*Asks:* 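Here it is: the structure, laid out below.
Naming: A, B, ... by sequence-line order, numbering from 1 per chain. What you are looking at is a predicted structure, and each value in this text was computed from that prediction instead of being measured.
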Amino acid sequence: MAAVDRRVLFAFVALVLLLPLLPVPDYWISLLNYIGLSSLVALGLVLLTGIGGLTSFGQAAFVGIGAYSTAYLSTAWGLSPWLGLAVGLAITIVAALIIGAVTLSMSGHYLALATIAWALALYYLFGTLGFLGYHDGLSGIPALTLFGVSLGDARAMYGLIWALVLLALWAARNLLDSRPGRAMRALKRAGMAEAMGVNTVWLKMVMFVLAAVLACTAGWLYAHLQRTVSPSSFGLNYGIEYLFMAVIGGIGHVWGAVLGAGVFSLAKEFLRGQLPALLQLQVNIEMIVFGVLMVLLLQHARTGLWPLLARFFPVPPAAHAPAQAPALPRREKPKAGEPLLEVKGLRKEFGGLTAVDDIDFQLRAGEIVGLIGPNGAGKSTTFNMITGVQAATAGTVRYRGETISGLSARQIVRRGIGRTFQHVKLVPEMTALENVALGAHLRGDYRPQGGVLASMLRLNRAEEAKLLHEAAQQLHRVGLGDCLYQPAASLALGQQRLLEIARALCGDPALLLLDEPAAGLRYREKLELAELLRKLKAEGMSILIVEHDMDFVMNLTDRLVVMEFGRKIAEGSPAEVQRNPAVLEAYLGDAI
Amino acid sequence: MDWQIAGFLAVDGFTSGAIYALLALALVLVFSVTRIILVPLGELMVYAGVTLALLGHDRVPATGALLLAMGVACFALELWEARRGTTPRRLALAAVKFLALPLALLLITRWAAPRALPLPLDMALTTLLIVPMGPMLYRIVFQPMAEASTLVLLIVSVATHFALTGLGLVMFGPEGWSAAPLWDASFDLAGVPLSGQSLAIWASSLLLMLALYLFFSRTLPGKALRAVAVNRLGARLIGVGSAQAGRLTFTLATAIVTACGMLAAPLTALTYDGGFVIALKGFIGAIIGGLVGYPLAAAGALLVGLLEAFASFWASSYKEVIVFTLVLPVLLWRSLASHGRHHDDEEEE
Amino acid sequence: MAAILQVRDLHVSYDKVEAVHGVELRVEAGSIVTVIGPNGAGKSTTLNAIMGTLPNTGAVRGELRYLGEDIAPLPVEQRVAAGMCLVPETRELFASMSVADNLVLGAYPRKRAGDRRYLDQLDVVYDLFPRLKERAGQAAGTLSGGERQMLALGRALMSKPKLLMLDEPSLGLAPLIVKEIFRIVSELRRTGVAILLIEQNARAALQVADYGYVLETGALVMQGPAAELAANPRVVETYLGLARNAGDR
């Protein structure tokens with residue numbers, strides 16, 4: 001991180017932590033305490049909604065669980081608040097796992113809807129349970145003590161709250177800048193992430209639990225700050241408010257949570273406290289002004305406030321490739337000429353339509369084979385069946401003697417088959433380096449879907465160094481050595497396609513599957529791409545290219561398989577295929 | 001429980017269920033065409049109910065002034081957009097639509113309110129005052145950001161809900177208002193009491209649903225709205241613009257909730273902030289219907305009403321818990337039913 | 001004869017990448033003009049720029065004149081109302097609605113313009129595609145590929161367009177159906193509608209068209225009367241890359 005930003009950050013942290021020592025009025029300290037609590041909840045939503053693309057209205061319910069657990073255990077049983085925190089977290093995690101298990105594997109709005117229902121049900125439950133004090137709630141909650149010091153007053157709590165907020169921000173930033181974090185940032189493109197070996201459903205679950213844990217912690221702090229809890233603080237309207245804060249702050253940014261919580265709370269406080277006096281009004285117009293302001297804000301800054309602010313101090317990318325790092329282990333590669341991929345009788349029917357009709361072909365190690373044919377010939381469907389994106393109706397695909405048809409995309413990539421996409425699928429806001437590192441998702445030091453906690457605590461430095469070094473090497477290999485730290489979105493299409501190849505190479509594949517790599521490229525870019533693929537072949541890589549640009553595959557491939565209307569109409573060397581009348585017909589169309 | 005109580009509860013459940021069902025239809029309609037979960041429909045419903053109640057009490061409802069204010073805002077937006085060129089005819093049309101008509105309605109309201117007009121006239125006036133607020137709301141809040149993500153649209157919708165709730169407080173004060181029943185009769189159905197208002201609610205709900213069904217299945221504008229819901233790009237290619245579809249949808253949805261408000265006002269005292277919870281129950285019904293299917297949404301909402309009625313008898317304090325927890329097993333069932341066929345690969349970018 | 005559509009110096013870019021560089025097109029009343037070229041040449045992008053249906057990231061520069069008027073600032077709906085109609089590669093039918101409803105919806109712009117006889121094309125369409133009449137009550141999503149293309153074409157005809165733009169009408173269809181579609185396209189010329197046809201199936205397209213343009217990597221490389229293009233060996237090369245490969249060897 002550049003020196004300027006480090007100083008800005010340091011100044012901010014120092015200011016936040018030293019504030020209670022300064023002669024700041026209690027009113028402000030108390031307000032900042034609530035902003036801190038909201039920041040924690042909103043931070044969870046930044047992870048869940050902004051990064052993971054999942055909306056939850058139920059965060060207030062998790063806050064409620066955190067608050068009620070400690071309130072009940074400390075008042076009714078006189079147990080330690082720390083035990084209350086542990087119990088609250090346990091209940092929260094179990095609840096989050098159950099809700100997640102029901103809704104996360106489904107697409108669409110189901111999680112959002114389920115959280116609404118869950119939030120309402122829990123809110124009314126708090127109000128009807130006798131041992132939780134009905135609608136009056138529980139009071140007389142003891143103050144926290146930390147190392148023998150009582151945190152009875154707001155200033156003392158301020159220290160704890162903001163220390164936790166800063167800790168959470170630090171952990172969240174660490175997490176996002178790690179192997180599992182990059183996978184999380186790719187979750188909105190689930191198909192691509194799965195093809196890199198990411199278990200997207202599991203990661204969504206992890207994010208949902210993390211967000212719930214943050215909310216629960218905020219609730220625990222709230223109970224011991226307020227010393228009394230009642231259901232009204234955990235209603236659906238609060239769940240909506242937290243989402244509100246995250247959205248106006250900037251839902252895609254960790255700092256947006258704090259900014260959003262701050263702006264939201266200050267605006268509300270100002271409107272409630274100062275505005276009526278200012279306008280000398282008898283009626284209560286706070287809600288009107290608040291609503292109108294929020295509508296206007298979102299009409300003019302849909303991505304929230306943080307991106308507007310961030311323009312003034314640009315933050316350089318966090319992930320850097322080290323100059324030296326231990327090499328990642330490599331898989332044993334097949335010998336040249338060994339049968340690598342065998343497709344036999346592969347068939348796909350959609351309803352009554354046969355998209356792929358008994359296709360057979362083979363690819364040997366060290367070969368480049370092209371699967372070509374006009375638009376709509378069934379090439380992409382064939383490709384999708386080989387990569388496990390679509391299930392075959394009949395037929396088998398064998399890879400190094402093992403049947404892989406029927407396996408998921410995630411299991412197939414683990415066996416050493418890397419792929420690219422016809423429509424480039426990158427995470428646009430991540431740098432080229434980070435995008436490529438995503439390809440090495442299965443090559444980390446931790447379990448493939450694990451390492452979350454280690455990443456948050458920054459214990460993953462050795463893993464990061466190895467992965468990023470590998471990613472940088474693959475970028476150099478494809479000729480993008482100058483673009484390591486550019487956001488993927490700023491690259492030209494040709495470069496983006498090369499980036500996808502580097503990402504596939506980062507998984508250490510023995511077979512590379514390329515889906516129309518030349519589509520949309522300029523003539524020069526095509527030549528460069530062909531050059532790269534020849535180089536890879538010379539290094540021993542085996543490649544299957546799906547293409548309909550004949551020009552591109554002619555001089556590149558060893559063999560061509562030509563498809564039309566789902567059938568194989570020709571196979572042979574490029575020269576043979578080019579002279580085949582059936583192929584000519586297929587490409588230029590039948591005369592009427 | 002004997003069958004008399006059961007009958008009584010069923011009547012009660014079907015009565016509130018019918019109102020939830022209408023709300024569910026309005027919510028599904030707006031969501032499917034515009035992707036907006038229109039939370040403020042609850043407030044518009046309250047506006048309608050309270051306006052009718054106030055007219056019944058021979059008082060001037062402030063909703064007339066609000067309509068004019070919204071009209072002025074719309075006209076200002078039109079003027080702002082006209083800086084890039086417009087025709088005098090368009091501007092004149094906008095002036096009539098957004099300034100003259102709301103002003104006329106305001107004056108009529110001022111004149112009519114103190115006079116004890118018959119109920120149908122009060123209802124007609126209420127409809128004229130509230131329904132135009134829907135498309136105006138669309139024009140002011142949502143049309144400028146029709147392309148935003150569903151999440152941002154939802155947050156804006158919630159912000160609008162805040163503003164309208166605040167306006168409700170300013171206009172009606174904190175107390176609740178109820179109106180005279182549409183049909184002040186009561187019957188005895190084998191020992192089960194049946195009020196005329198319940199019958200009126202059932203009849204009006206059925207009529208409205210029938211009208212909606214005919215609109216969507218028989219008329220070209222109705223089909224065009226369905227087309228937008230099915231395929232946005234396809235609809236643009238046949239010339240159905242999203243702004244135009246949005247205005248029409250908001251008009252229809254507001255008309256539905258205006259009816260809801262006028263039907264509910266005699267049953268319960270409506271407060272400025274009561275719309276949210278009522279709309280939520282409609283929303284729960286809509287969720288049960290998966291936010292897409294109209295018959296399912298209506299059935300879900302009826303179920304919510306019945307469940308609420310019976311739960312209030314057996315475990316009155318757990319009434320709300322039961323109603324809102326009901327959704328979880330339904331979602332689970334839907335999730336199991338859709339498992340295995342949700343694997344359509346292209347995700348949203 | 002006056003041009004229905006006149007495109008001058010059209011540039012289209014997505015984000016920073018320019019996909020179409022300075023394309024010029026002219027379509028005259030009652031004529032069929034085709035734009036051919038290999039996949040990824042920018043044909044669909046050009047068509048979408050003319051219709052105004054590019055995705056949000058697309059930016060258009062250049063002159064678009066329809067019936068002499070600049071249509072660049074108009075939204076899609078107004079272009080449709082003015083008599084332009086696009087049948088996209090993806091057809092964009094209303095899958096859960098019936099075939100008949102899909103067709104009736106095609107007449108929406110005419111109904112909106114106050115045309116009382118807005119459904120007068122229904123019989124014409126049913127005559128053209130008897131299969132659609134048989135399936136009138138069926139949901140559009142249940143049709144076969146060929147029938148969908150017929151329905152898309154039929155829906156377009158319901159609006160009685162002045163300019164009909166077809167994007168790859170033969171895509172993914174069996175040869176017999178392709179023939180049928182092209183027969184109908186050439187028949188449509190007699191109704192006076194101007195047609196802009198985009199095709200990969202170059203032979204068929206050049207056979208029905210009056211004039212053709214060849215697009216390669218976003219730029220025009222050739223144009224001329226369709227018959228001349230059909231005889232030009234360079235067109236074949238564009239598709240198969242024969243000449244360039246021969247040169248390399």
Side-chain angles (χ1 to χ4, degrees), chain B residues 28 32-33 35 81-87 90 143-150 152 213-248 289-296 341 344 346 348-349, chain C residues 47-48 51-57 70 73-98 100-113 115 118-119 139-141 148 151-152 154-161 164-165 167:
Chain B
V28 172
S32 63
V33 176
R35 297 177 303 125
E81 268 167 29
R83 75 196 188 281
R84 277 180 304 186
T86 183
T87 57
R90 252 193 87 155
Q143 190 177 323
M145 49 190 328
E147 302 299 321
S149 69
T150 314
V152 170
Y213 171 77
L214 290 177
F215 175 73
F216 282 113
S217 61
R218 299 288 161 83
T219 71
L220 196 54
K223 286 177 186 172
L225 282 190
R226 271 166 68 205
V228 176
V230 175
N231 183 340
R232 211 166 291 276
L233 176 59
R236 295 186 75 194
L237 287 173
I238 58 159
V240 185
S242 49
Q244 182 196 339
R247 278 195 302 270
L248 182 54
L291 270 182
V292 279
Y294 296 92
L296 268 181
R341 59 180 168 86
D344 278 335
E346 280 308 310
E348 308 177 31
E349 293 281 319
Chain C
L47 214 50
N48 281 318
M51 195 64 208
T53 46
L54 285 172
N56 281 342
T57 49
D70 179 22
L74 297 185
V76 186
E77 306 87 72
Q78 288 185 31
R79 297 186 205 204
V80 173
M84 298 171 70
C85 189
L86 168 68
V87 178
E89 193 181 317
T90 42
R91 326 299 197 222
E92 305 298 341
L93 298 173
F94 306 116
S96 60
M97 300 174 75
S98 71
D101 278 352
N102 268 273
L103 288 175
V104 168
L105 278 166
Y108 183 82
R110 293 180 60 198
K111 159 102 180 187
R112 216 175 132 69
D115 187 344
Y118 66 99
L119 288 179
R148 282 182 207 195
L151 179 54
R155 186 178 74 182
L157 294 177
M158 290 295 293
S159 69
K160 259 191 168 175
L164 179 60
M165 297 186 277
D167 194 353

*Asks:* Using heavy-atom distances under 4.5 Å, tell me whether C:Met158 contacts chain B through its side chain, its backbone, both, or neither.
*Replies:*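 No part of C:Met158 comes within 4.5 Å of chain B.
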
*Asks:* So, do B:Leu220 and C:Val104 sit near enough that their side-chain heavy atoms are less than 4.5 Å apart?
*Replies:*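 When only atoms from C-beta onward are counted, C:Val104 and B:Leu220 do touch, with a gap below 4.5 Å.
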
*Asks:* Is it the case that over 12 heavy atoms from other parts of the model lie below 6.0 angstrom from the CZ atom of B:Arg218?
*Replies:*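 No, CZ of B:Arg218 has 12 or fewer neighbouring heavy atoms, counting only those of other groups under 6.0 Å.
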
*Asks:* Please classify the contact of C:Arg112 with chain B as side chain, backbone, both or neither, using a heavy-atom distance under 4.5 Å.
*Replies:*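 Side chain only.
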
*Asks:* Would you say B:Tyr213 has more than 12 foreign heavy atoms packed within less than 6.0 Å of its OH?
*Replies:*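 12 or below, so no.
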
*Asks:* Identify, with sequence neighbours excluded, every residue that meets side chain to side chain donor-acceptor pair (under 3.5 Å) alongside C:Thr53.
*Replies:*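 C:Thr53 satisfies side chain to side chain donor-acceptor pair (under 3.5 Å) with C:Asn48 only.
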
*Asks:* If you count heavy-atom pairs under 4.5 Å between each of C:Arg91, C:Met51, C:Arg79, C:Glu77 and chain B, which one has the most?
*Replies:*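 Top count of heavy-atom pairs under 4.5 Å with chain B: C:Glu77.
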
*Asks:* With a 4.5 angstrom heavy-atom cut-off, is it the side chain or the backbone of C:Arg155 that approaches chain B, or both, or neither?
*Replies:*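 For C:Arg155, the side chain is the part near chain B, not the backbone.
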
*Asks:* Which residues satisfy the salt bridge (charged side-chain N to carboxylate O under 4.0 Å, His left out) test with B:Arg232, sequence neighbours excluded?
*Replies:*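 Listed in chain order: nothing, the list is empty.
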
*Asks:* Which atoms of C:Ser96 are under 4.5 Å from chain B, going by heavy atoms: the side chain, the backbone, both sets, or neither?
*Replies:*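 Contact with chain B involves both backbone and side-chain atoms of C:Ser96.
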
*Asks:* For C:Pro109, is it the side chain, the backbone, both, or neither that has a heavy atom closer than 4.5 Å to a heavy atom of chain B?
*Replies:*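 When you check distances to chain B, atoms from both the backbone and side chain of C:Pro109 fall under 4.5 Å.
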
*Asks:* Do you know which of B:Ala224, B:Ala243, B:Pro221 has the most heavy-atom pairs under 4.5 Å to chain C?
*Replies:*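 So the answer, after comparing B:Ala224, B:Ala243, B:Pro221, is B:Ala224.
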
*Asks:* For B:Asn231 and C:Leu93, indicate whether the former's side chain and the latter's backbone hold a donor-acceptor pair under 3.5 Å.
*Replies:*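 Indeed, once roles are kept as given, a pair shorter than 3.5 Å links the two residues.
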
*Asks:* To the nearest 0.5 Å, how far apart are CD1 in B:Ile238 and SG in C:Cys85?
*Replies:*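 Going from the CD1 atom of B:Ile238 to the SG atom of C:Cys85 covers 9.5 Å.
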
*Asks:* Under 4.5 Å between any side-chain heavy atoms of B:Arg226 and C:Leu105, yes or no?
*Replies:*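 No, side chains not in contact.
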
